[in-house]
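All remarks here apply to the structure that follows.
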Amino acid sequence: MTPAAPSLESWLVVVNLPIGPCDFAPPHGWAAPAPLGCRVLVPWRGALEVGLVVGSGDGRGGHRLREAVHVLDDPASPWVTPATVSGVQGWAADARIPAGLIWGDLLGVGWQAEVTHMVRAVEGADLSMFARRPPTERWTDAGAFPDALLDAIREQGLLEERFTPRPRMRGAVAARPLDEVPPASRTATVLSAVTPAPAGLTAKQAQAAAWLAGHGPCDTLSAWAKGAGVSNGVVTAALNAGGAQYTLVDAPPPPAWTWLHGHGPVDTYAAWANSASADGVPLTPTQAGTLALRGWADTIEVPQPPPALPEPHPQPDPAGAPDPLPEAPVWRLHGGRARARFALLAPRVTRLLTQGRGVLVLAPDHATLRRAWEGLSGLAAHAGTRAAQLTGTLSEPQRAHTWQLIRTGEARLVIGSGHALAAPLDDLALIIVLEEASDAHKLLSGSRAFLPDLATRIAAAHDAALALVGTTPAAESVPHPGAVLPPPRARVHVVDYANPPEQPELGPLSSVHLRLGDQGYPLSHDLARVLRQVQERGRQAALLAPRRGYSALLRCPSCDHTPQCRNCDVPLRFHREGRQLTCHQCGYHQPIPERCDQCGDPMWQARGPGTEWIAQEVQKLLPGFPVYRLDRDRQDDLTPLMRGESGVVIGTQLLLSHEPPPDLALIGVTLADTWLNVSDFRASERYHRLLRQLAEWHPTRAPMLLVQTFQADHPALKVMVDGRDTLAYPAAEERARAALNYPPHARLAQIEISARDQHKAQAAAQDLADALHGAGATAHEVLGPAPSPVARVRGVYPYHLFLRARSDTRLGELLRILDTRTWKAKIRVDVNPRGGL
DNA sequence: AGCACGCCGACT
DNA sequence: GTCGGCGTGCTC
């Protein structure tokens with residue numbers, strides 16, 4: 001009944017929920033320091049949850065602490081390295097993100113305890129007041145009792161608990177030992193003769209009884225009748241007259257059981273039936289299930305064999321190759337092609353691995369990850385270690401097994417996505433962030449972390465170096481010391497929609513639409529000509545469309561009405577395939593209306609620069625030429641193209657995450673301006689990166705890059721045409737950022753204030769802005785509030801407030817003002833937001 | 001995130 | 001009177 005002796009220490013434990021760490025007392029009898037980075041089982045809302053120990057406190061939180069129940073990992077080999085814990089916690093604190101959110105994003109594995117849990121009552125404890133059938137003093141599996149009951153007893157200190165690690169299990173069907181099969185299943189009801197035969201049987205009946213007595217029991221009446229050579233009526237009468245009786249006899253195990261007994265567990269009833277039948281024991285899955293139901297088989301759990309892992313890609317040993325890369329805490333490597341960059345990285349990576357240290361490679365998307373795996377994984381073998389891949393696309397058992405390989409030190413080169421960032425590398429020496437400017441590093445839900453920011457914190461906490469490696473540097477990376485390769489050769493052809501070539505017979509036509517029509521849209525005359533060449537020569541082309549689908553709005557020609565999403569303040573997008581209007585904001589979709597619901601006039605057919613329309617235009621231009629589409633809505637099978645067959649693929653930016661067709665002769669950007677008409681200070685940087693990535697998409701060739709645009713003079717495009725300097729554009733961008741006070745010369749955060757009631761949201765946003773100003777924030781530091789670009793999303797009204805601070809420290813100060821009181825709307829912070837400013 | 005609690009309008 | 005919508009707050 002007495003609580004544990006008041007301990008001064010408490011543990012800060014993070015659970016996989018969008019809340020901050022909670023305090024727990026160490027488990028009963030725990031004397032060692034807090035097991036930082038280890039997983040623990042903690043009482044949570046009446047049950048046990050897995051949590052991660054991220055720190056310790058003084059236990060004076062003011063409320064009575066519950067004890068952590070069990071430490072799942074050996075403190076000598078924690079689930080997450082303590083340095084990683086401190087790096088991530090530091091980021092979470094500064095970004096004012098609940099720690100549970102970010103850990104939920106980073107740890108793809110380990111939230112499930114792989115233990116067997118046994119309980120018993122403390123000796124002498126009377127638990128009868130808790131339940132009719134409480135735990136006894138015998139060890140019993142905890143599953144036999146309700147969670148809430150166990151927790152109530154646990155809280156009183158009357159429960160003893162034992163946890164033993166359990167290997168990963170899978171369900172299986174096994175033969176039950178013969179002595180455990182229920183007796184009813186092991187006997188059969190048979191007809192046997194009664195001796196001596198009673199008097200009064202007719203002749204036929206007596207004959208039947210005599211046969212039964214001589215030939216032994218029968219299973220059925222008809223079997224008896226058949227055996228005795230009489231009709232069914234005779235044996236029924238003989239039975240009723242007492243000439244035979246039903247008796248129980250021992251039955252042999254059914255052949256299906258004997259088979260299972262000899263072959264060991266199978267995965268499913270169907271597998272049992274199939275394998276047994278194949279071995280000459282006829283069995284259907286239904287029969288197998290019936291046998292199990294009668295107690296001949298048990299469903300059990302068997303240890304899972306280790307899953308297959310990605311194979312490393314062989315690489316030559318770079319031992320002795322020169323290593324010209326910087327030794328700074330943060331450095332960069334950009335330009336060239338992926339293959340050349342990895343070749344340059346190889347000596348450094350191999351040297352660190354050979355020293356017994358760890359290297360982590362963070363890739364933003366699947367295509368970059370695949371190239372990194374091809375370019376680096378083989379190095380591990382030269383350094384006496386293994387390479388491990390950690391991504392969300394692996395199965396859960398694969399991730400768990402990989403995590404274990406890293407934790408035990410067997411694999412020290414880790415290549416992966418965000419799931420790899422917290423990998424428990426013991427002596428981390430280097431984190432390589434690939435394509436550090438990629439928006440794909442931004443988590444769109446949960447913590448909304450920008451993973452390179454976290455990588456920076458984790459590297460610093462480990463005293464490891466951070467390398468930023470990619471096609472073209474982010475403006476933020478320019479100030480770091482680095483190595484630069486010349487950009488790959490690019491053949492760029494620009495179609496300038498704003499300044500068509502002189503055509504005197506045209507007259508004073510100036511409208512954009514006429515110019516578009518004149519030069520050809522979406523396929524300009526130049527693009528059409530090159531596409532025809534591609535067809536004639538049997539080669540391959542890729543066209544980049546600004547959007548998926550038909551991607552246009554539906555508009556009423558009479559009243560100008562455009563159908564809107566019912567949940568969001570955006571017009572619905574027209575998708576010809578599937579005949580639907582879809583909201584690209586929330587996914588709401590409805591059939592296409594024939595008539596305007598405002599004035600009743602017929603609606604216009606929509607046309608827009610989506611993949612669907614461009615594909616149609618290409619088919620019109622090149623009849624019979626294979627056309628493939630690749631976007632989120634439709635992903636055609638590109639196998640013929642990848643085999644080298646002629647054709648054209650039309651896609652969104654998703655194209656870049658696929659392998660390029662091997663005989664690619666042309667890449668067309670149908671309307672480059674899409675990447676520039678975005679209200680985001682990173683738009684032109686993003687545009688430049690897209691062009692550079694397109695230029696190096698094919699690993700060896702330089703296909704023609706045909707860009708259709710109204711802004712032919714844009715510097716991001718011009719450097720592609722005449723520049724051989726990888727850094728020229730990013731450096732100019734960086735200077736522009738300095739002038740405008742944008743990153744890296746400022747730290748940004750977006751605060752989203754949202755409520756179902758628009759006025760409430762607006763008032764709360766204003767309230768918050770006032771509070772920030774009242775607490776000393778300057779007009780320069782607080783921008784807004786303003787309604788979100790989409791005024792209503794999924795039925796709520798978001799307002800945005802931007803913070804622009806000169807340093808992380810100052811940003812932290814500003815964000816801490818949010819904690820000073822509660823606001824009357826939902827507040828969400830997004831540090832280092834991408835897009836929308 | 002769930003889940004309980006509590007506050008208001010629509011009904012047997 | 002209660003049923004049930006949802007807004008608010010808590011989880012150690």
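As the structure is a prediction and not an experimental result, all values here were calculated from the model. Letters A, B, ... mirror the listed sequences (proteins, then strands); counts begin at 1.
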Which part of the nucleic acid does A:Pro21 contact within heavy-atom distance under 4.0 Å: base, sugar-phosphate only, or nothing?
nothing
Please report the closest heavy-atom contact between A:Ala805 and A:Leu814, naming both atoms and the distance.
CB-CD1, 4.1 Å
If the plane angle is over 60° it's perpendicular, under 30° parallel, otherwise tilted; pick one for A:Trp11 and A:Trp30.
perpendicular
Within this structure, what is the CG-to-P distance between A:Leu12 and C:dT11, rounded to whole angstrom?
16 Å
Expressed as a whole number of angstroms, how long is the span from A:Trp11:CH2 to C:dC12:C1'?
14 Å
Along DNA chain B, first and last positions that approach a heavy atom of chain A under 4.0 Å
B:dA1 to B:dC3
Does the side chain to side chain contact (heavy atoms under 4.5 Å, CB included) test come out yes or no for A:Asp453 and A:Phe450, once each step is laid out?
CA-CA 6 Å; A:Asp453 289 344; A:Phe450 185 59; 3.7 Å; yes
For the pair [X] (side chain) and [Y] (backbone), establish whether a donor and an acceptor sit closer than 3.5 Å, ignoring hydrogens and angles.
X	Y	value
A:His773	A:Ala769	yes
A:Trp403	A:Trp79	yes
A:His462	A:Thr84	yes
A:Lys826	A:Glu752	no

Strictly under 6.0 Å, is that where the ring centroids of A:Trp111 and A:Trp103 end up?
no
Got a list of protein N/O to nucleotides 6-10 of chain C N/O distances below 3.5 Å?
{"from": "C:dG7", "atom 1": "OP2", "to": "A:Arg756", "atom 2": "NE", "distance (Å)": "3.4"}

